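What follows is one structure encoded as structure tokens, with my remarks underneath.
If you're wondering where the values come from, they're calculated on a predicted model, not measured in any experiment.
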Amino acid sequence: MRVELTRPAAKYWAILRTQLQNSFAYPLDLLARSVTILLFLWVFVNLWRVTYGAMGSQRIAGLSLADTMWYLLMAEAVMLSKRDLSKDISDQVKDGSVAYLLNKPFNFILYHFAAGLGDSLLVFATNLLLGGALVWWLVGPPPGVLGWAAAVLAALLALLLDFCISALIGLAAFIAEEVSAFRWIYQKFLLVLGGLLIPLDFFPEWLQNVSRALPFAWIVYGPARLFVDPSAARLADVLLHQMGWLVGTGLAVALFYRWVVGQLTINGG
Amino acid sequence: MSAIQVRNLHKTFQTKRKAAGFGGSLRALWKPDLHPVEAVREISFQMEQGELLGFIGPNGAGKSTTIKILTGILHPTGGEASVLGFVPWQERQKLAYQIGTVFGQRPQLWYHLPAVDTFYLFGKIYEMEEKALRQRIGYLSEAFEIEHLLETPVRKLSLGQRMRCEVAASLLHKPRLLLLDEPSIGLDVVAKQRIRETIRRMNEEEGVGVLLTSHDAGDIEALCKRVIIINHGEIIYQDKVSALKRRYLTSKQVDVRYSNALEPDFAIPGVEMLKVGTFGAKLRFDVRETPVERVMAALASAGSLVDVTVSDPSLEEVIRTIYES
């Protein structure tokens with residue numbers, strides 16, 4: 001009955017595929033999630049048109065209105081497609097369903113990674129497609145192929161980095177149950193210091209330096225800025241920062257998981 | 001080899017207490033009032049391979065905590081346990097291939113997808129071959145009578161239908177041991193009966209051992225040969241279900257109907273008359289104090305008998321007696 005040679009990769013691929021099927025179960029919900037990006041981009045383009053007009057300049061901190069809008073498209077696409085893993089884990093601990101995930105022959109963290117990736121990739125692609133069409137119509141054509149390639153690569157690493165930070169917050173639910181305060185703080189860091197609200201280039205230099213020293217910029221700003229300026233130097237800068245943070249947070253997740261799994265209390269017995 | 005061996009297993013949780021109101025919340029923030037709760041206290045028991053063992057007790061007795069320790073999800077505070085030769089909390093993933101679990105109050109099937117999608121996903125997770133998986137799904141679908149339900153999204157199934165799919169999903173990988181935590185909770189009588197019959201069939205055909213927790217004594221009565229009763233984290237009784245009944249089954253209840261009218265003051269010495277009607281009566285007596293033949297003779301002499309039903313007390317009553325003693 002059981003295959004002698006185990007195929008661990010196949011099980012995570014199956015989880016990813018099943019999550020994709022699950023996301024397709026409600027196509028209208030999927031579409032509604034992507035409509036959010038259209039709304040945000042519509043507000044942003046009007047806001048930035050006024051700002052550029054008031055400044056009387058074609059460029060602010062080296063970015064044109066078109067650059068800013070394509071930057072915001074990539075930033076919002078990453079932000080809106082990332083799965084709220086910390087909430088997922090916290091909910092599973094609170095309702096006790098974590099019991100089913102811990103007694104299956106897979107790694108709990110990799111399970112969430114596969115399921116999250118299945119969902120995120122679909123929403124990311126839909127967001128890019130719909131949001132891209134709107135931004136093209138509003139401010140002109142997108143950056144070249146190099147920009148797409150560099151940004152998509154960095155966006156994948158960004159989703160992975162976000163996964164690790166969200167996993168750390170989510171795993172805290174094993175001991176604290178409620179982690180919404182930590183989630184809220186993390187989201188606000190992404191919003192301001194991550195460059196989601198405005199590109200970091202518009203910040204004073206000292207704040208840019210602070211932001212670059214933290215992981216949040218490499219989740220939002222890194223891929224978005226690469227999209228409009230895909231130079232080799234910037235690509236190397238973004239990827240190196242992302243990988244550095246990935247090693248650090250990945251190790252932290254592995255160690256933290258080993259500890260908290262022994263501390264778990266499941267509601268309802 | 002025993003399927004499960006447990007020795008002096010102990011689990012203590014720290015729970016926070018908080019006084020009512022905003023002030024209480026602030027005080028709890030500043031100085032949390034932590035209290036240890038002993039969910040499981042030094043329990044020891046053994047279960048043989050292929051055995052049907054009932055684990056019963058009221059809500060909060062420690063049944064679910066014990067099952068979660070035995071599956072490796074919770075780490076005990078003290079004691080030892082071995083499940084199919086594995087220490088559950090140290091070898092959780094290896095053990096997972098050998099056991100199936102159902103936590104009655106929580107779904108494991110993907111809610112928005114048809115059950116068959118979860119079955120195929122589980123097949124991959126348990127690293128089963130495609131052909132073997134298809135055969136297994138066919139076999140379990142027939143056994144659990146769920147062929148017509150497999151392609152319906154789980155959210156559209158009734159609770160009874162969903163539970164049949166849940167138990168079938170837990171048996172996909174042919175586990176040697178099935179741990180069922182309240183599998184019949186919320187089910188109606190017919191649905192309960194169907195689940196029980198299929199579990200018994202799986203036990204007979206595949207030799208899968210079943211550890212069943214329930215606060216419905218009917219589950220244990222219908223399925224198990226041996227029973228462990230747990231209360232406040234301690235084992236208060238463990239023996240065969242039949243021995244339990246013999247020891248605590250000391251009273252009989254009799255419902256009797258006559259073709260003629262009974263005397264209004266009809267009574268039998270040493271018997272509690274629960275109800276006396278015109279054409280029938282309901283009574284209860286302790287067999288240690290009043291012999292059965294004396295009661296039956298008195299009933300026969302009271303008139304022309306149409307029907308007699310003699311019943312034992314339900315297991316719920318038996319458990320209540322143990323708790324009270």
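Heavy-atom minimum distance, A/K11 versus B/I125: NZ-O, 3.1 Å. Residues A/F106 and B/Q93 share a closest heavy-atom pair of O-NE2, 3.1 Å. Of all heavy-atom pairs between B/D117 and A/Q21, the closest is OD2-NE2, 3.1 Å. Shortest non-hydrogen contact noted between B/Y126 and A/P105 is CE2-CD, 3.5 Å. Shown here for A/K104 and B/A96, the closest heavy-atom pair between the two residues is C-CB, 3.8 Å. B/R92 approaches A/V261 most closely through the heavy-atom pair NH1-CG2, 3.7 Å.
Partners of B/F144 by ring-ring contact (aromatic ring centres under 6.0 Å, His included), not counting sequence neighbours: none found.
Considering CG of B/L113 and CZ of A/F24, their distance stands at 12.0 Å, rounded to 0.5 Å. Atom CG of A/N103 is separated from atom CD1 of B/I99 by 5.5 Å, given to the nearest 0.5 angstrom. Once rounded to the nearest 0.5 Å, the distance linking CG of A/L101 with CD1 of B/I73 reads 9.5 Å.
Neither the backbone nor the side chain of A/Q92 comes within contact range of chain B; no heavy atom of the residue lies under 4.5 Å from a heavy atom of that chain. Using a 4.5 Å cut-off between heavy atoms, A/Y111 contacts chain B through its side chain alone, with no backbone atom that close. Looking at A/I15, both its backbone and its side chain come within 4.5 Å of chain B, counting heavy atoms on both sides. Neither the backbone nor the side chain of B/P88 comes within less than 4.5 Å of any heavy atom in chain A. For a residue to count as touching a neighbouring chain, one of its non-hydrogen atoms must lie under 4.5 Å from one of that chain's; by this rule B/Y120 does not touch chain A.
Heavy atoms from other residues, nucleotides or ligands lying under 6.0 Å from CH2 of A/W148 number more than 12. Around the NZ atom of B/K156, the shell of radius 6.0 Å holds no more than 12 heavy atoms that belong to other residues, nucleotides or ligands. Within 6.0 Å of NE2 in B/H232 there are 12 or fewer heavy atoms belonging to other residues, nucleotides or ligands. The neighbour count for B/E151 CD, taken as heavy atoms of other residues, nucleotides or ligands under 6.0 Å away, does not exceed 12. Open room surrounds CZ on A/F182; 12 or fewer heavy atoms of other groups in view lie less than 6.0 Å from it.
Interface check for chain A: of the options B/T118, B/T71, B/I67, B/T101, the most heavy-atom pairs under 4.5 Å are formed by B/T101. Contact tally against chain A (heavy-atom pairs below 4.5 Å) for B/R155, B/K94, B/K131: the top residue is B/R155. Of the listed residues (B/T66, B/V102, B/L95, B/L121), the one with the most heavy-atom contacts under 4.5 Å to chain A is B/L121.
Residues of residues 73-87 of chain A placed with any heavy atom under 4.5 Å of a heavy atom in chain B are absent; none qualify.
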